[in-house]
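So the structure is just underneath, and the comments pick up after that.
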Amino acid sequence: MRYAVSNFLGNNEDCVETCVNMMQKNNQMEQLSYPSHRSKDGQMTQESFKGICESFEKADRCLDSCSKSGNKEAEKIRMHTYAGIRYICIEKKDEIIRD
């Protein structure tokens with residue numbers, strides 16, 4: 001992953017697009033929106049959130065690298081666009097996602 005990100009640091013636009021694509025390629029988000037996929041014990045929801053958070057963490061590290069290269073848009077995406085996912089995956093992870 002580090003190699004792929006470093007290839008895009010020269011072109012800030014491509015850097016952000018690459019990072020955002022990491023998050024958008026996660027199929028777990030679609031599963032959360034369909035009530036028929038929910039199980040009574042919440043196992044499907046837990047697995048979906050685990051996958052979403054793994055993708056978020058990768059995308060967040062990627063956006064952080066872009067931001068450190070001077071891309072202001074990357075930091076805006078990290079702090080604003082993904083604020084809800086950050087809340088679930090970072091701030092409340094232990095309460096929401098149980099191993």
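Heavy-atom basis, side chains included; hydrogens, waters and symmetry copies ignored. Counting begins at 1 with the first residue of the sequence.
- Residues Ile88 and Phe49 have side chains in contact (heavy-atom distance under 4.5 Å, counting atoms from C-beta outward).
- For the atom pair Arg86 CZ and Arg78 CZ, the distance stands at 5.0 Å (nearest 0.5 Å).
- In this structure, cysteines Cys15 and Cys62 have SG atoms that are not closer than 2.5 angstrom.
- The nearest pair of heavy atoms linking Met23 to Ile85 is CE-CD1, 3.9 Å.
- Side chain of Asp64 to main chain of Asp60: no donor-acceptor pair is present (N/O by atom type, distance under 3.5 Å, no hydrogens or angles).
- Glu75 approaches Ser67 most closely through the heavy-atom pair OE1-OG, 3.1 Å.
- The line from OG of Ser55 to CD of Gln24 is 11.0 Å long, rounded to the nearest 0.5 Å.
- When all heavy atoms of Ala83 and Met79 are compared, the closest pair comes out as CB-O, 3.6 Å.
- Distance check for Cys19 and Cys66: the SG atoms are not under the 2.5 Å cut-off.
- Ile90 and Leu63 fall within the same hydrophobic cluster, defined by Ile, Leu, Val, Met, Phe, Trp and Tyr side-chain heavy atoms under 4.5 Å apart, directly or through other members.
- Residue Lys92 holds its NZ atom at 10.0 Å from CG of Asp94, rounded to the nearest 0.5 Å.
- Separation of atoms CE (Met22) and CD (Glu54) is listed at 14.0 Å; rounding is to 0.5 Å.
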